[in-house]
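In what follows, every chain begins at residue 1, and chains take the letters A, B, ... in the order their sequences are listed. Values below: all heavy atoms of this structure, side chains included; hydrogens, waters and symmetry mates excluded.
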Amino acid sequence: MNVNYNPASVFNQSVDFSFYLIFMISILCLVGITGFMIFSVIKYSRKNNPTPSNLEGHTGLEIVWTVIPTILVMFIFYFGMQGFLKMRNVPEDAMEIRVDAGMWWWKFTYPNGLEQNTAQGLTVPADTPIYLPLHSVDVIHSFYIPAFRVKMDVVPKAVGADDNYTWFEASQIGSFDLFCAEYCGLNHAQMITKVHVLTKPDYQAWLDEQSAGFIKQQAENPGKALITSKGCFACHSSDGTKLIGPSFKGLYGKTEVVVTNGEEREITIDDAYLKTSIMEPSKDIVKGYQPLMPPLPLTPEEINAIIDHIRELSE
Amino acid sequence: MESSPSQSYLNSHTSPKWTSGFMSWFMSTDHKRIGIMYAVAMFSFFFIAVCLGFVMKLQKMYPASSGWEIIPPELYGSFFTLHAIIMIFLFIVPGAPAVLGNFILPLQIGAKDVAFPRVNLLSFWLYLFGAVMAVVGILLGGADTGWTFTPPYSINTKTISIFGVAFDSISWMLTAAFILGWGTILTGINFIVTVHRMRAKGMGYFKMPLFTWSIYATSWLQVLATPVVGITLLMIVIERIMPVGFFDPSKGGDPILFQHLFWIYSHPAVYIMILPSMGLVSEIIPTNSQKPIFGYKSIAIASCSIAGVGYLLWAHHMFTTGMSDFAAILFSFLTFFVAIPTAIKVFNWTATLYKGSISLTPAMLFALAFIFNFSIGGLTGMFLGSLSTDIHLHDTDFVVAHFHYTMFGGAAFGLIGGVFHYFPKMFGKMYSMLWAKIGFGFMFIGFNALYFPMLLLGYYGMPRRYHTYPDMPIFNKLQMASTLGSWILVTGVILVLAVWIHALLKGKKTTEVNPWNSSTLEWQTATPPTLFNFEEDVEITRDPYDYEAFRGEVKAGTAAGANNV
Amino acid sequence: MNTHEQSLSPRTPIMVFGALIFLTLATVLLSGLDVGNTGALIIAMSVASIKAALVLYFFMHLNHEPLIFKLFLGVAFFTLLAIFVLTFSDYSFRVI
Amino acid sequence: MSDTAHPIEHHRDDEGTRLGFWLFLYTELFLFAALFLVYAVYRSAHLEDFKLAAENLNTTIGTINTIILLTSSLTMVLSLDALKKGSVKLAKTLLLVTFALGMAFLVIKGFEWSAKFDHHLFLQTAKGIAAGEGSPLFTPGEEMLPVGQVLFFGLYFIMTGTHALHIIIGATWMLIVFFWMSKGSINQDNHGVLERCGLYWHLVDVIWIFLFPLYYLIA
Ligand code: HEA
Ligand code: HEA
Ligand code: CUA
Ligand SMILES: [Cu+2]
């Protein structure tokens, strides 16, 4: 079964109602207009009706087809607005999951600090309102779940500005597509992940298990946990595959050619180099790659942990 | 009635210095020659954009997982940007006013030329300069921002660079768009003054033909909206070169503000595209029904109210950007008010058919197809104007289908109809009716086969500007249908272009003044028109679409037209 | 050639000029007053509008032009107003 | 281009030309309107920063410049009046005075600009912000301006810069008109060009009338 668009959230009712209302009005207008055109073209063809009338207008008719559309569109507006207001008013008891987006990854942060990346997707309990503040680290993305009829742009904001948000309440168990709907460069079409809707008990079990693993990993290998949660794996692999950026495997200690300020130079990868690569990605560009890596906010400790892990991957 | 073929604008010239060859065109201030030059330039650029669209459709034939890749993602990104920049800034916005507005408007109001013929030529040069600059920009790397140039992406992107970062092709393209804007503005000013100052004796405002009305309304939008986008695009250029953060949040700017400024122009621009075509339809339908247009005054006023109201609803493109809820509701409310004058026009056109004497010339076929396609386009606009449904449909293929229905099924179909209508008058040549109708058939069917599936795709959640898409039966089938449609469509386009080129080169010569028996003024001058349009000053006594009076004049021999209708 | 009756004596322009200088100095002095942000904005913009109107009407001879010129000014003015008001329907309700 | 045969250019329609020129002026106005809109939005968002930043601008200099520009508008009007009355010589003198005032405005503006540059009110600080505090790009010790002030100066430079560009265009045009007046092709009967040049100049003045309080006064 295709689960991409089947109604699956509390918004479907109002959105789909508006949709069908407009659809019915449209079909009515279109059939009327087209029908009348075809009828006239046949009935009043040059052959069938060689002498045209000199009809210039009809005030009554003009009024009718000004007033009726006005009334119809006001209905359309009203129902559209009702549905919209519902989407903008988050229920008090909603559970918060923070959404971060960047080129070209998603990250979902749960209230207990658990983080999920693009490959893992967003897991939520059914029949629970979920409130999602939306952050972007670089350009505008758009958080879109067709089956839930929700969409909101993920806009990078100045310090202190209001963040965008959206919310939904899934009403069906299953996995649904989550797209990025605002053009954000090269891999815009790959910025896709899934929303997994679980029953409440299943969700609780999932959460406990994940959190345990997460906490364990964080304690044992903070670097790997960070690389996973910050979304580095969207562009870097740990098994030698070349993605958007170079693989982390065997990186440490390697000699390679980088372009700095337009000049090529050869370097050996060490702690200091890794540090600048991560803090100021646009300074040294590895030859053969595009300057696409975004600067990510990391504390010095976090960077050290990441570097430790990259070193481990090369041992 | 036949005209003496001796001195048409095609063999006389405005300048004593350049009397023949290329320069006699390139330096000509004659509004008719300028119109033709625009047409030639525009169609050349347009053809590039059609090819880009065609390739995009090919790319979408199969989903990603099938391994199908005609073009890599970075090319797809620049293709839809260039496709849109050419289609919008080089083709459809300057299109109707510059080609048919230039050619027909002065003839329709009995003027010898536009108010500022030299400024008119300057507009053309600006257009050509900007257009060539844009095309050179494409060759030098192009842009991959979408025609909406949304920051911060447009400020940061370096995806596309042939010469590395040294050549900033995005700033280059933005500057080209800025220059094109000035060409449009000057054309607009020219037409407004022409309409106000140069109408023939006796032609009151409500005796002007409806095409003139629509160009007049368009011109106001051009004058008042274009400068806003001009300076906004320059601000992006400045931001790319210097570290000021007008729209960059990391420097305190608000990226949404750019979208406001962009749509302040670009929403009115969609009415710049459609109004002239509406005007053409208002000419074609009464002519081919041989009866007055239904509700002349309300159509004229509707043109102006579309322009006026059209200025006030730009932010309906921004419902999902996170602007304030109040603004979203306000703009949604205002959006619906533009539907009303549009509805009035649509109903009036259909009512004109009633009790007419209809002949289905190619122009008429395109005009009727315009009504059908544009109704679908406009009605899908209702889904987008309504808040809750737009949240779902925004930035999906539904929007793409909506604007192709309006811009292409509407504006471009109207234009093609207009060209078929005025072709004999412009060149004194007749085209093949049969092949024109066959071309129409292909275009109409292909068009709907291409874009109707996209409406459904959008409803099922297919985002736009996607280089590829996830493998799902519903997506796969609809994408395939849409790609097949594009093949039929392109066959139609090629047929239509071939009909025109054939007619120009080998078509039957005609000097018939009024081949369609139209009652408006432009059909009363020679075919092709003489340099200054009218031999003597004209005086208007009747309404433009008073066919009864017109038939009387034909009988009395004071007007040109076939007697037997 | 201008068909309208025009007084070409320099009296009017000089008087208008006097008024403009006066308003300039007045607005500079008034800006010293403590009337709050909105107050200062309103005063400054009102004075500027009066000055602009003077320039448009007298220096740019709008007073001698036919009605159509004034209608055009009206169209431009109201469009400007609409842009500002509608844009602030967003920014008045949002922190950027 | 010399289009001798063209009937439109023979039959002169001064009022139509003026109408067209006014429309052109509105497009200029809308060009600036977009900038004013950006200013208004950021001012409302960063009120305190805008006020602090505005204190770096010198009100006296601003006032002097305003008066210079208003005076130049007056001399422009008088020049046109003189030409209409037939005293070409007086008209030429007044036009030169207008030109000189325009230049004076530019010179003063130039001094103001270079002072701002010296104080690093623009590029350097903006660069620091782009890199963000804590970034190695950021040189410690260099004064950091809050984003609101950077926006203020960015807008200040682009708006006064665009305005100055218009002054330059207007002044160049005046020189051309002056030259034509000397040649006699602009005269009592044919004063349209001077009139349009004047209209343009006054528009530049009107724009300054709004720029002045927004940048120099409401601090
Ligand atoms: C020629 C161009 C053209 C025209 C004429 C229109 C006409 C309209 N458009 Fe469209 N539009 C575009 C070109 C055009 N549009 C483009 C290019 C985009 C996308 C830009 C981008 O993002 O790249 C767009 C996007 C767009 C959006 C944003 C969608 C999104 O991104 O989320 C919206 C939202 O409100 C919208 C609405 C409308 C409306 C309400 C009309 C109205 O004017 C339509 C009025 C017409 C009718 C209503 C039909 C005829 C009337 C009847 C048959 C009578 C009966 C009717 C009723 C009773 C309702 N358009
Ligand atoms: C006028 C506008 C116009 C026209 C005619 C077209 C024509 C076509 N468009 Fe275009 N399209 C746009 C404007 C237009 N497009 C815009 C603005 C976008 C948005 C880009 C963005 O996201 O930024 C877009 C995006 C767009 C996409 C979406 C990209 C994406 O989001 O992933 C696709 C996908 O297939 C597409 C396909 C096509 C095809 C196959 C054609 C054509 O190949 C079909 C063939 C064309 C014709 C048959 C026209 C014939 C007309 C005449 C002959 C006119 C006669 C004229 C005179 C007399 C003057 N277009
Ligand atoms: Cu992220 Cu598109
Ligand atoms: Cu719109």
Under 4.5 Å from a heavy atom of chain D, the part of C/S92 involved: neither
Interchain contact, C/F88 with chain D, by part (heavy-atom threshold 4.5 Å): side chain
Counting heavy-atom pairs under 4.5 Å to chain C, which of D/L29, D/T59, D/L47 comes out on top? D/L47
Starting at CE of C/M60, measure out to CE of D/M76 and round the result to the nearest 0.5 Å. 11.0 Å
Tell me, for C/T27 versus chain D, whether the close heavy atoms (under 4.5 Å) come from the side chain, the backbone, both or neither. both
Heavy-atom pairs under 4.5 Å with chain C - which of D/L78, D/T71, D/V206 has more of them than the others? D/T71
Got a second to check how far C/I68's CD1 is from D/L19's CG, nearest 0.5 Å? 6.5 Å
Counting only non-hydrogen atoms closer than 4.5 Å, does D/S73 touch chain C with its backbone (N, CA, C, O), its side chain (CB onward), both, or neither? both
Criterion side-chain contact (heavy atoms from CB on, under 4.5 Å) on D/Y26 and C/V75, from CA distance to verdict: CA-CA 10 Å; D/Y26 294 140; C/V75 171; over 6 Å; no
With a 4.5 angstrom heavy-atom cut-off, which part of D/L80 approaches chain C: side chain, backbone, both or neither? side chain
Would you mind checking which part of C/L73 comes under 4.5 Å of any heavy atom in chain D, side chain (CB onward), backbone (N, CA, C, O), both or neither? both
Tell me, with the steps shown, if C/L62 and D/W22 meet side-chain contact (heavy atoms from CB on, under 4.5 Å). CA-CA 10 Å; C/L62 211 51; D/W22 272 89; 3.6 Å; yes
Toward chain C, the part of D/F36 with a non-hydrogen atom under 4.5 Å: both
So which heavy atom on C/F84 is nearest to which on D/A40, and how close? CE2-CB, 4.3 Å
Just checking D/F179: does its CZ atom have more than 12 heavy atoms from other residues, nucleotides or ligands closer to it than 6.0 angstrom? no
Shortest non-hydrogen contact from C/L41 to D/L214? CD1-CD2, 4.4 Å
Is it the side chain or the backbone of C/V28 that comes within 4.5 Å of chain D heavy atoms, both, or neither? both
Checking side-chain contact (heavy atoms from CB on, under 4.5 Å) for the pair C/F17/D/V77: CA distance, chi angles, key distance, verdict? CA-CA 10 Å; C/F17 175 70; D/V77 174; over 6 Å; no
Using the rule given for side-chain contact (heavy atoms from CB on, under 4.5 Å), can you reason through C/F59 versus D/L70, listing the C-alpha separation, both sets of side-chain angles and the distance that settles it, and then say yes or no? CA-CA 10 Å; C/F59 282 4; D/L70 287 173; 5.8 Å; no
How long is the gap from CD1 on C/I83 to CG on D/L37, to the nearest 0.5 Å? 7.5 Å
More than 12 heavy atoms of other residues, nucleotides or ligands under 6.0 Å from CH2 of D/W173: yes or no? yes
Just verifying a value: how many Å separate D/F210 CZ and C/K51 NZ, rounded to the nearest 0.5 Å? 9.5 Å
Rounded to the nearest 0.5 angstrom, the CD-CG distance for D/E48 and C/N37 is 6.5 Å
Where does D/I209 contact chain C at under 4.5 Å (heavy atoms): side chain, backbone, both or neither? both
Which distance, rounded to the nearest 0.5 Å, do you find between the CG of D/D81 and the NE2 of C/H61? 5.5 Å
